[in-house]
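The structure appears below as structure tokens.
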There are 2 protein chains.
Amino acid sequence: MIKNSVSEIFCFRGQQSLRPTRQRLALARLLFLAADTGAQHHRHVTAEQLHSEVLASGVEVSLATVYNCLKQFTAAGLLRESMVVAGKTYYDTNTTDHHHFYLPESDQLVDIDPTKIALVSLPELPPGAEIERVEVVIRLKNKSPKI
Amino acid sequence: MIKNSVSEIFCFRGQQSLRPTRQRLALARLLFLAADTGAQHHRHVTAEQLHSEVLASGVEVSLATVYNCLKQFTAAGLLRESMVVAGKTYYDTNTTDHHHFYLPESDQLVDIDPTKIALVSLPELPPGAEIERVEVVIRLKNKSPKI
DNA sequence: ATACTTGCAAATCGTTTGCAATACC
DNA sequence: GGTATTGCAAACGATTTGCAAGTAT
């Protein structure tokens, strides 16, 4: 049952057919089931973090495979990359346009309520230029409490 | 004369007394004189880029020293770090609050005219939290022309 | 003289890749 | 059976660090 609902991710959400292997299922379970059950609690993980989680969940997956799967999930539109934090790539289960708090203490990204932030008067772009993405990061101070 | 105006940077702008060594003077000359002469043409460089520049200018400086000096200049308030681009740290001679275009093709950061962008209705912060910095990056598409 | 700086090389961190062994359809 | 996927280990790029040698005050 759990296995089925995760498989659906590969069947319905993704474009590319990703074989539902043991490793990918385990990763998808952690990423998308946790996210789907909680009320829009989207996840923000690094490869290292996710690797620790799978191992903790009792499934053997190599770190290289976690990296590869995160990239494949991203290519399939299941995840979005965020690279706003020094030297790390975060993968976000929320693939819609939105912005983040960054909490340096816990090294965490937290979604900003999209209704609570807006950009006004976008600057004129150079002629012919197009926007790929607008990313806002509100970096909190170190002593800030956890959200 | 040039040497003197660069030395002033160390005397007046910085808090910490940084010894005006041959290497630091060469780096400061590239970073701050170029920036000061052009009308607010602030610079955005990575350590590698700056290292190439010093070598090209005929001054032998090791890459490690460039890294170290960039960090020291930052600690002294002469530079600001920006980490919005995957796996690279850009150092910005504009230390005031401002935002950036990122041009993937040329791997460049470009200042956004501060009068042309604004955030409205900042989200409520978790109680006790304080903002360290707000960073907006407008990532342009790959095919976008140079600015 | 002495404390600060440098440069090198090695170490580290996050990430990617080549390739042989393995799992899926 | 044939192709996709995995895991390991090595390679990688960006950055940091330990330490001996050099330089500024």
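Within every chain, numbering begins at 1; the chains are lettered A, B, ... in the order of the sequence lines, protein sequences first and strands thereafter. Note that these values count all heavy atoms, side chains included, but never hydrogens, waters or copies made by symmetry.
Residues B:Arg80 and B:Asp97 are paired through a salt bridge, judged by an N-O separation under 4.0 Å between the basic side chain and the carboxylate. At a threshold of 4.0 Å, the pair A:Arg139-B:Glu132 does not count as salt-bridged, since none of the basic side-chain nitrogens sits closer than that to a carboxylate oxygen.
Listed pair B:Tyr67 / D:dT16 fails the phosphate criterion, with no side-chain N or O lying under 4.0 Å from OP1 or OP2. The side chain of B:Thr89 contributes an N or O atom lying less than 4.0 Å from OP1 or OP2 of D:dT15.
For the pair B:Glu81 CD and D:dT15 C1', the interatomic distance rounds to 11 Å; values are reported in whole Å. The interatomic distance linking A:Leu25 (CG) with D:dT6 (C1') rounds to 14 Å, in whole Å. The separation between A:Leu70 atom CG and D:dT6 atom C1' is 15 Å, rounded to whole Å. Rounded to an integer number of Å, the gap from A:Leu50 CG to C:dT15 C1' is 15 Å. A straight line from OH of B:Tyr91 to P of D:dA14 spans 14 Å, rounded to a whole angstrom. One interatomic measurement links the two molecules: NZ of A:Lys71 to P of C:dG14, which rounds to 17 Å at whole-angstrom precision.
Applying the side-chain hydrogen bond (donor to acceptor under 3.5 Å, both in side chains) rule to pairs touching residues 47-61 of chain B yields B:Arg43-B:Glu53, sequence neighbours excluded.
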Worksheet, complete the sentence: With B for base contact, S for sugar-phosphate-only contact and - for none (protein heavy atoms under 4.0 Å), nucleotides 4-9 of chain C reads BSSBB-
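Taking the six-membered ring where tryptophan is involved, the planes of A:His100 and A:His44 are perpendicular, since the angle between them exceeds 60° and thus also 30°. Between A:Phe73 and A:Phe32, the ring planes lie tilted relative to each other; the angle falls in the 30° to 60° range.
For B:Thr89, the side-chain contact (heavy atoms from CB on, under 4.5 Å) partners two or more places apart in sequence, or in a different chain, are B:Glu81, B:Met83, B:Tyr91.
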